[in-house]
Amino acid sequence: MESNSPKRRKLDHAHKGPTFETVASSSMGASGSSAFVLETDELLKEVKLDYSSTFPGLDQTLRQFKEAIESLEQYGPIPIDEASKSWGKTTRTAIPYPDPKPTKNCPYKVAFEKPTHINVVGSYTSQTMVKSQSSFAVDMIVVMPTTLFSEKDYRDYRYFYKRAFFLAYITDALRKKFSDLDFVYTNLNGNALLPVLVSRPQGQSSESQNTESKELLGKPNYEIRIIPNAPEGYFPAAKLSAASNSLRRNSSEEAKDTNVPTPFYNNTLKSESQFVPYLKLLHRTSTTCASFKDACILGRTWLQQRGFGGDVADGGFGHFHWAVLMALLLQTGGRKGEPILSPSLHASQLFKATLQYLASSNLHKKTVILGQTTVAPEVVRQTGPVLYDSARGINILFNMTTWSAFMLNEHAKLSLSAINDPQVDQFDSLFISKVNQPLQIFDLFVKISVPPPTSQTSSSVSDGKSPIVVFAEEIYKTLKKALGERAKLINIQIPKSPAWKVTPSSTKPKNENILVGIMCDPAKASQGREFGPLYEQKKDAAKFREFWGDIAELWQFPSGEIVESVNWTEFSPLGYFGICQAIVRYIVTSRLKLTDGDLEFHGQEFSNIISLSPADKASFDAVKAAFSVFEKDVRDLEDLPLSVKQIAPIGAETRYASLRSPSPNRRRQGATPIDVMLSFEASGKWPENIASIQRAKTALLLQIGRSLEVAKAGIKTHLGLEDGEHETGNLAFLDIVYESGFSFRLRVHSDQEETLLERQTKDQTLDRYVRTEAAVLLSSARWKSAILPLHSQTISTYCTRFPALSSSIRLTKHWFNAHRLGNHFNEPLIELFVLQAFLKPHPFPVPSSTSTGFLRTLLMLASYDWREEPMIVDPSDSLSASQRLDISTRLEAWRKIDANMNRTTLFVATPFDATGVAYTQNIPKVIATRMTTLARSASKAAKDKGIELEPRTLFQSGLRDYDVVIHLSAKAIKGVLREDGTRHSQFKNLDESGSSEALPLPEPPVLALLRRLNLAYATPLLFFHGGPEDTVIAALWNPQIHDRGFSANMPSSFKPANTDADTFELNREAVLAEIARIGGDLIEKIDVKDSQR
Amino acid sequence: MANNSAVSEEFSTLPISIPALPSYPVPATHYVYLRRNAPKIATPDDSRSLYLANVPVDSTEAHFRALFSSLVGAGRFESITFEHDRKSVKISHEPAQAERLAKHHKKRKREEEELQHKKEEAAAELPDTWTRELHRSGSSAIALLADEKSVDSVLKAVKRLKKSKTYPIWGEGVKSGVPTFGSQWLKAHNKLSYPGNDAVQAMVDAYFTVFNRKEEEAQQLAKRLRNEPDEDGFVMVTRGSRNAPARRDEAEEAKQKMLDRQQKKKDEMQDFYRFQLREKRKADQLELLKRFDEDRKKVQAMREKRGKFRPEA
């Protein structure tokens, strides 16, 4: 490696593809990179451990251990049978033999001899532990002397039996000597062949799974693992290649081909003698590369946030593998064996480059060999990921599962894309957010209970792997093949192998479950029919038939081609979710001999909450079609005085986003029509007075209505009056009801009005209140005419791009309503929230289902820092850096004038609204805070409970928090909608002719009532209400209304206080009595919180 | 609930007991504060009117008629005007030009003509969409009584109430005809929101008759004022002369064009001289330094907040 001077390397790289330097420099060029370096420095400072204070007295304990072990006398050799019988009995110490246990009449002997050396290895010595680890393991290796073994001991578990006895002997001695420590056995990295001894200071939880339970302050939370090791280079490496078989015993019994390779067994055995070489490698690297340790810590944090660990249950890729990979890449890895990384790089650059390597090396697909090798690739190749370290001759990923290699690759890719996206806060997504949350990633979960390992077959092919891993691998292979492109990612979570007691005890086999998480590709997964190979390709077709069994059938395309296929169309009405579920159920039960009872599906519950169905898309499409008919009808009108510029739909129904799927006119109910905005080409015909413009708009609407009714049969128009406050606001709308189909509500926008209003807001000669009023009117006009049409277009576009967006939006809206926040958040804002969760999914993949889309939105809302960060929703990346800067500056300005965030709490900017406040008007701070709190508790529940989460609980909202709860009578509300007799004309015959048709509703009754109440009691009460169906209006008293002295203009109804003559207090009873009078028969009951006076 | 002392010298407290309703069976007392009306700008009716603060949200004229007759007997109350009444807020419907001219020229008014115009304007009013208005909580009203004496007697009666402790009851003695709240109210609103296309057409027509008439009047006035010096000898410039001033949008267009031209000129001369390039480089460097500084500050701020650098558990 010395020959590679930095300069030389640079030249070498000049004509090669993208390497670390381009990665590093490209991200250096981006805006946030220097911040990223600074942030990683801070992170390193924060997570680094103070070893002496974290592990008080640990060094001493280690020394004592060493001395104790070294002082042990030689024992044996005794026959293995005798050892397990008599020695175990007398000492009351169990010998942790791996499965299968040695047979009764085994001829070989076990013994204990003084170890050749004892060493502390791992991250304790390299000082790469971090604070956020759930527990700290200090690895102590005990190298067994060669005299214990004979040459053939690599075969048939013999080495492992001897090792087990060796360990038991040490255990027995230590256990008796150190009574203040707890001792248990556990499997090293979940590898059933390698039991190790774990000792912990007493008082800690003994179960390794429970170590996450918050570390008690001051109590040391560490464990010492004693790992017996094989002498270096004792066993012949050639006999232990991935292609050779070392388990003769099994194969001879089965009388099969004796050369079934046992790569896992071989690798395990090889790894037994590699602790010291790797220790040396890491140590050497950390001396040559100054930032190696820091980069290791970064890697460790990154892996830990993604749930990766050395244990096979954690994926089998831990910080050790990260460190070794990086150390190897500092030496080699390039195409000609030149190093990929340079020792002069900064820790964050090392980290990024390693990530880049992980993303591009495709460990899950191909065999990767690092270093000059003499062995043929076939010798190295095996199922599962391979990263072959040729210097030491071992596949360092032998304990890694295929699915976790996929996951690792996916995460590396996602993180890289986050790094390369200058608009994302790279740092948080890389190191801070906890990514290991299955509910946030996967769409469909299958919990499979593992059948008890009965048959001999499992152990014969297992080559030493624990049966549960073998089972999981089988499931993975089957599902991967069955789902094909339908699944983007499949991950299997297997339970960790538990620790067990050092004293002999019978262990009951527990019923264990594995959890399969599937991330679907909604577009591909909803395909109803699975197509296989051509019928003519006999070999492939036979394989296909063999795999699918009886349900495989032939299918002829119109072109005449005949292919094998499987029909799942009967599940199509259930959406891609139903199809995937059916496939999993079928294939697992048919091929793996599991019963339906062994499977438990999760994930669909979220869609069931508001009964989303795949058919909704059709009804949304119907609305869009109906709208284009309507648009054409209006454009075809010839007798309009102005020419139509744009007819834009602004209702949520036309952008796939309304809570309920739209349905054509319901005659009886009086449906709410779809909002449409009509703007005309600029014209000088508008009068130059705002109030008159409003009348002119009314006249235009009337004319459109008349012409439409004439032009087309089956159209009824009704002019409605707006419930406005001012003559200068919009006065009227036109409801256009298509006899068979949807109805539309048309409003007209006038450019002239906008310019007049703008002039008013700037006119210093006018009174202040006139100007503020004009500003309010102006913003509402802009909202309707400029922002909403663009917003609708955007959402509608992205709903087709992200198949899960529409349903996620609808579920999120339901969530806001369920918590009675719906009346404060306008629907477009909620849509933007969800869209943002889809556009900036880092560190997760883009949501692919309702549940992930919804939960990810909540996760984003839960942690959003509204004070500092403007939310910039920029779907097409159309905002320039300077525009973004402007938006941030604007937010800063808001925060400066209103530091308590009383007026502008949320700040959401889009390319079509750079002001940032158009969407978030009138959202009080209380409401914003409540939203954050609710989102936070929901995200926490999702994180803690995992798939046990009952989704309905996220949508349940109590009434305890509110001061006042107004219960409305559902019956009376229905009564408002019902037709009453008064409208009927006195001529009977006119009634018959259909004149008594229900008019559309200007507003749902509860909302109308709420609006009125809000106008009257805007100051004293804050109302909570969710959606037109909610029959409860809750309210809080405004805490800022204090008792006060008398003034003629009180903010609400006040009464003289009992105690003091000059102070007045809010007359709560009178206010509530007023509400009761206003509500009349609509209000069933008004409940007041008890703590009130 | 006794109020033992006068609220202030000026205001006296009028407690009104509110009958309990089944939906909210809690007896409540509402307090209206009243005094003689003394607005800043005096009107002829001030002496016989009362200023009422904190009127109930659901007040109507009928309610106050009943209330006053229970206090001082029938026939004393004339009418009541509520604050923020929609009708009371005057909004100009004058065409812009008429408004401008009105500042300079007082129009002579003829009474019968005025009356006719009022009628026309009334026909152009859009109907209410609610059968009964709500007032903002804590808002005020001005009650007009028959004469000065009635005001005195009302104030006296209010004082008497304090002793007798029997308060008038809200809504008692209200003649029928006050629209009810609740579902009927909402139902009526739904209906009133759709007055019928023909009815609205008639109103709009009436409105534009008035509007066009005003516009015409303004035009005639402008014509008359054209080239006619006033008493100081100034001639007012009005629209409609031979060379009318440019329209506003044309003016804006012209301005935009000019700005564009200026911008183009400026752009052409950039990066031309060496000193410009040098300055630019310098500025870039400064910018870079500034950004680095900003980043450091940001990280500093994050550290102060703490926990930002701790990976989530």
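Each chain gets a letter, A, B and so on, in the order the sequences are listed, and its residues count up from 1. Here the structure is a predicted model, which means the values were calculated and not measured. Just so you know, these numbers use all the heavy atoms, side chains as well, and skip hydrogens, waters and symmetry mates.
Heavy atoms of A/Asn436 lying under 4.5 Å from chain B are absent altogether. With a 4.5 angstrom heavy-atom cutoff, A/Ala1018 does not touch chain B via any of its atoms. Both the backbone and the side chain of A/Pro1005 come within contact range of chain B, each with at least one heavy atom under 4.5 Å from a heavy atom of that chain. At a 4.5 Å heavy-atom cutoff, the contact between B/Val26 and chain A is made by side-chain atoms alone. Looking at A/Gln304, there are no atoms closer than 4.5 Å to chain B (heavy atoms on both sides), in backbone or side chain. Residue A/Glu42 touches chain B through both its backbone and its side chain, counting heavy-atom pairs closer than 4.5 Å. Heavy atoms of A/Ser969 lying under 4.5 Å from chain B are absent altogether. Contacts between B/Asn54 and chain A at a heavy-atom distance below 4.5 Å involve the side chain alone, from C-beta outward. Contact of A/Ser1052 with chain B is made through backbone and side chain together, with heavy-atom distances under 4.5 Å. Proximity to chain A (any heavy atom under 4.5 Å) is restricted, for B/Leu21, to the side chain, taken from C-beta onward. Contacts of A/Leu1009 with chain B are made by both backbone and side-chain atoms, with heavy-atom separations under 4.5 Å. Contacts between B/Arg296 and chain A at a heavy-atom distance below 4.5 Å involve backbone atoms as well as side-chain atoms.
The shortest distance between side-chain heavy atoms of B/Gln201 and A/Arg706 falls below 4.5 Å. Inter-residue side-chain proximity for A/Ile1075 and B/Tyr24 is flagged as unmet; no heavy-atom pair is nearer than 4.5 Å. In this structure, the side chains of A/Pro1056 and B/Tyr33 come closer than 4.5 Å at one or more pairs of heavy atoms. Side-chain atoms of B/Asp295 and A/Phe36, non-hydrogen and from C-beta on, never get closer than 4.5 Å to each other.
Side-chain N/O atoms of B/Tyr207 and A/Ser692 include a donor and acceptor closer than 3.5 Å.
Of the listed residues A/Ala682, A/Gly720, A/Pro687, the one with more heavy-atom pairs under 4.5 angstrom with chain B than any other is A/Gly720. Top candidate by heavy-atom pairs under 4.5 Å with chain A, chosen from B/Ala199, B/Pro195, B/Pro19, is B/Pro195. The residue among A/Asp735, A/Leu701, A/Val1071, A/Leu1013 with the most heavy atom pairs within less than 4.5 Å of chain B is A/Asp735. Comparing A/Ala1070, A/Ala1016, A/Gly1080 by heavy-atom pairs within less than 4.5 Å of chain B, the highest count is held by A/Ala1016. For the options B/Ala28, B/Ala53, B/Ser193, heavy-atom pairs under 4.5 Å to chain A are most numerous at B/Ser193. When each of A/Glu1084, A/Glu1074, A/Met1050 is scored by its heavy-atom pairs under 4.5 Å with chain B, the top score falls to A/Glu1074. When each of A/Gln703, A/His967, A/Lys1085, A/Gln305 is checked for heavy-atom pairs under 4.5 Å with chain B, A/Gln305 comes out on top.
For the atom pair B/Ser23 OG and A/Asp1087 CG, the distance stands at 11.0 Å (nearest 0.5 Å). Atom CG of residue B/Asn197 and atom CG of residue A/Leu734 lie 6.5 Å apart, to the nearest 0.5 angstrom. Distance check: B/Leu134 CG to A/Asn1014 CG gives 12.0 Å after rounding to the nearest 0.5 Å. In this structure, CG in A/Leu721 is found 7.5 Å from CE in B/Met203, a value given to the nearest 0.5 Å. For the atom pair OG of B/Ser137 and CZ of A/Phe1054, the computed distance is 8.5 Å after rounding to the nearest 0.5 Å. The distance from the CG atom of A/Leu1015 to the CD atom of B/Glu133 is 9.5 Å, given to the nearest 0.5 Å.
When atom types are taken as modelled, the side chain of A/Lys1055 and the backbone of B/Pro15 share no donor-acceptor pair closer than 3.5 angstrom. The main-chain N or O of B/Thr129 is never found under 3.5 Å from a side-chain atom of A/Asp723 such that the two would form a donor-acceptor pair. Without hydrogens or angle criteria, A/Arg695 side chain to B/Ala124 main chain gives a donor-acceptor distance under 3.5 Å. One N or O on the side chain of A/Asn1067 and one on the backbone of B/Thr29 form a donor-acceptor pair closer than 3.5 Å.
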One pair to check against side chain to side chain contact (heavy atoms under 4.5 Å, CB included): A/Arg1077 and B/Ile18. What are the steps and the verdict? CA-CA 10 Å; A/Arg1077 290 204 297 278; B/Ile18 307 281; 3.1 Å; yes
Candidate pair A/Phe1046 and B/Phe11, rule ring pair (Phe, Tyr, Trp, His ring centres under 6.0 Å), full reasoning: CA-CA 9 Å; A/Phe1046 185 80; B/Phe11 280 93; 4.8 Å; yes
Can A/Asp1081 and B/Phe181 be said to form a side chain to side chain contact (heavy atoms under 4.5 Å, CB included), step by step? CA-CA 8 Å; A/Asp1081 55 345; B/Phe181 279 124; over 6 Å; no
Before giving the answer on side chain to side chain contact (heavy atoms under 4.5 Å, CB included), spell out for A/Arg1012 and B/Trp130 the whole-Å C-alpha distance, their side-chain angles and the decisive distance to 0.1 Å. CA-CA 10 Å; A/Arg1012 290 278 109 184; B/Trp130 293 95; 3.4 Å; yes
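Summarising the geometry of B/Ser183 relative to A/Val976, their closest heavy-atom pair is CB-CG2, 3.5 Å, with the distance given to 0.1 Å.
Remark: B/Gln285 CD is loosely packed, at most 12 non-hydrogen atoms of other residues, nucleotides or ligands lying under 6.0 Å away.
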